[in-house]
Amino acid sequence: MESHSETIRFIQTWLLVCISLTYCFVTGKLVPAGKLRFLLISPVVILFLLLPLRLTSANLGGSTAFFIAWLGNFKLMLFSFNKGPLSADPSISLPRFLAAASLPIKVTPKSDLATSSAKIVPIAHSARGYALRAALLAVVLKMYDYKDRLHPTAILFLYSLHLYFLLELILAVAGAAARAGLGLELEPQSNEPYLATSLSDFWGRRWNLAVTSILRPTVYEPVTNLLAGPIGREKAQLFAVLATFGVSAIMHELIMFYLNRLIPTGEMSAFFLLHGACVVAERAAARRMRGRWKVPRPVASCLTIWFVLSTAFWLFFPEFIRGKADIRGLEEYAAVGEFLKSMISGTPIQVI
């Protein structure tokens with residue numbers, strides 16, 4: 001019965017999301033960009049911060065929080081001032097606006113659709129690449145059956161693979177549906193992050209690209225422009241990096257609160273602030289060296305991934321484990337598996 005109630009709440013939540021975004025769409029047509037439009041849209045921003053609290057499912061609640069409380073709200077704030085992906089196409093239709101605002105996809109102007117569809121899709125972002133990810137995710141889920149026999153570090157490594165494959169597949173499914181139905185282009189979640197040669201490369205060009213693309217115009221660029229005059233553009237960019245990682249830390253703490261409903265310990269914030277400081281130090285060192293000494297690419301990639309994983313094991317994943325979001329997520333997978341088996345075999349399932 002609980003799973004049935006959660007499904008109903010999930011549907012109700014997304015109906016409210018669609019109604020709210022329709023209001024924002026109409027507001028954008030009637031009210032010029034600026035403070036008044038922001039004032040009229042701000043109640044929706046507040047609502048999007050509250051709606052994930054209706055859901056307790058690790059998978060449904062977590063993805064909803066990510067889509068609307070983070071990405072959706074940042075897109076709406078940009079839209080208030082005629083910036084960001086929702087303002088890219090002034091003639092955008094309501095269905096395309098709803099999809100672009102609530103999902104990690106971007107609007108492709110109609111004139112560019114033919115060009116974008118003719119592009120060669122990299123194997124990593126092709127149907128074959130996503131099928132491979134799905135198969136590997138199935139292997140990871142099966143490995144959880146042997147958790148009692150695995151070293152704690154090996155389990156954390158499985159969590160890393162699980163997070164990577166799951167985010168890739170969720171966004172691929174959402175993006176494929178939007179592209180097929182509305183002609184919207186998928187924003188890839190990552191670009192082979194295991195090949196990153198530095199922390200700047202990892203966070204700026206390879207991992208969580210949907211978040212990177214929305215944090216750049218909402219945090220990085222405004223802070224850079226604000227401080228460029230008083231302290232110079234180079235130093236302003238370093239402060240902008242720290243501000244961007246700080247906002248990311250706050251949003252990750254919020255997502256974890258939605259998942260666990262526990263008071264944050266600060267470990268998640270420490271993870272992102274540490275990486276922000278390291279990116280700043282890395283950039284400062286690169287400018288000082290000016291290319292005089294370079295680490296071989298394979299070595300740089302290994303060191304980068306080692307640092308990301310080791311700090312994630314230390315500071316990032318403990319929050320998931322403390323709130324048992326990992327266990328609840330696996331239980332939900334098992335429940336879906338049992339449901340699918342019962343549908344195929346025709347055996348009725350017991351409602352709890």
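Hydrogens, waters and symmetry mates play no part in the numbers below; they use all other heavy atoms, side chains included.
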So, do Tyr164 and Val140 sit near enough that their side-chain heavy atoms are less than 4.5 Å apart?
no

Do Asp201 and Thr304 have side chains that approach each other closer than 4.5 Å (heavy atoms only, starting at C-beta)?
no

Side chains of Trp14 and Ser102: any donor to acceptor distance under 3.5 Å?
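No, no side-chain donor-acceptor pair sits under 3.5 Å.
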
Would you check if there is a donor-acceptor pair between the side chains of Asn59 and Ser57 at a distance under 3.5 Å?
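No, no side-chain donor-acceptor pair sits under 3.5 Å.
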
Which pair of heavy atoms, one from [X] and one from [Y], lies closest together, and at what distance?
X: Ala240; Y: Thr224; value: CB-OG1, 3.2 Å
X: Glu6; Y: Thr56; value: OE2-N, 2.9 Å
X: Thr22; Y: Cys18; value: OG1-O, 2.8 Å
X: Leu86; Y: Ile92; value: O-CG2, 4.4 Å
X: Ala58; Y: Leu259; value: O-CD2, 3.4 Å
X: Leu21; Y: Phe97; value: O-CE2, 3.4 Å

Drop me the distance from [X]'s [atom1] to [Y]'s [atom2], to the nearest 0.5 angstrom.
X: Leu136; Y: Glu168; atom1: CG; atom2: CD; result: 11.5 Å
X: Ser80; Y: Ile41; atom1: OG; atom2: CD1; result: 4.0 Å
X: Leu303; Y: Ser198; atom1: CG; atom2: OG; result: 11.5 Å
X: Leu158; Y: Leu163; atom1: CG; atom2: CG; result: 12.5 Å
X: Thr13; Y: Ile68; atom1: OG1; atom2: CD1; result: 7.0 Å
X: Leu274; Y: Phe272; atom1: CG; atom2: CZ; result: 11.0 Å

[X], [Y]: one ILVMFWY side-chain cluster at the under-4.5 Å cut-off?
X: Ile321; Y: Ile263; value: no
X: Ile8; Y: Phe10; value: no
X: Val26; Y: Val31; value: yes
X: Ile11; Y: Val17; value: no
X: Ile250; Y: Leu273; value: no

Would you say the ring centers of Tyr144 and His162 fall short of 6.0 Å from each other?
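Yes, the ring of Tyr144 comes within the 6.0 Å limit of the ring of His162, centre to centre.
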
Ring-ring centroid check Phe307 Phe202, cutoff 6.0 Å:
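So the answer is no for these two rings.
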
Quick one: do Leu53 and Phe257 satisfy side-chain contact (heavy atoms from CB on, under 4.5 Å)? Show the steps, please.
CA-CA 9 Å; Leu53 295 174; Phe257 178 76; 4.0 Å; yes

Look at the side chain of [X] and the backbone N and O of [Y], then say whether any donor-acceptor pair between them is shorter than 3.5 Å.
X: Tyr159; Y: Phe313; result: no
X: Ser301; Y: Ala196; result: yes
X: Arg322; Y: Asn260; result: no
X: Lys75; Y: Ile214; result: no
X: Arg133; Y: Leu169; result: no
X: Ser213; Y: Leu209; result: yes
X: Arg206; Y: Asn191; result: yes
X: Tyr258; Y: Leu49; result: yes

I'd like to know whether Leu254 forms a side-chain contact (heavy atoms from CB on, under 4.5 Å) with Trp70, so could you lay out the CA-CA distance, the side-chain angles of the two residues, the decisive distance to 0.1 Å, and finally the verdict.
CA-CA 9 Å; Leu254 181 62; Trp70 189 345; over 6 Å; no

More than 12 heavy atoms from other groups under 6.0 Å of [atom1] on [X]:
X: Tyr146; atom1: OH; value: no
X: Leu50; atom1: CG; value: yes
X: Gln12; atom1: CD; value: yes

Can you say whether the rings of His252 and Phe316 are parallel (under 30°), tilted (30 to 60°) or perpendicular (over 60°)?
perpendicular

Listing request: all side chain to side chain donor-acceptor pair (under 3.5 Å) pairs with a residue in residues 264-288, at least two apart in sequence or in separate chains.
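Qualifying pairs, neighbours excluded: Ser200-Glu282, Trp203-His275, Gln237-Arg287, Glu253-Ser269, Thr265-Glu267, Thr265-Glu319, His275-Thr311.
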
Would you mind listing every side chain to side chain donor-acceptor pair (under 3.5 Å) that reaches into residues 24-42, with sequence neighbours excluded?
none

For residues 139-159, which residue pairs qualify under salt bridge (Lys or Arg N to Asp or Glu O under 4.0 Å), counting only residues two or more places apart or in two chains?
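As it turns out, the salt bridge (Lys or Arg N to Asp or Glu O under 4.0 Å) pairs with a partner in residues 139-159, which skip direct neighbours, are Lys142-Asp145.
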
Please assess Phe245 against Val280 for the test side-chain contact (heavy atoms from CB on, under 4.5 Å), listing each intermediate value before the final yes or no.
CA-CA 11 Å; Phe245 274 90; Val280 168; over 6 Å; no

Given Phe66 and Val211, is the side-chain contact (heavy atoms from CB on, under 4.5 Å) satisfied, shown in steps?
CA-CA 10 Å; Phe66 176 62; Val211 167; 3.6 Å; yes

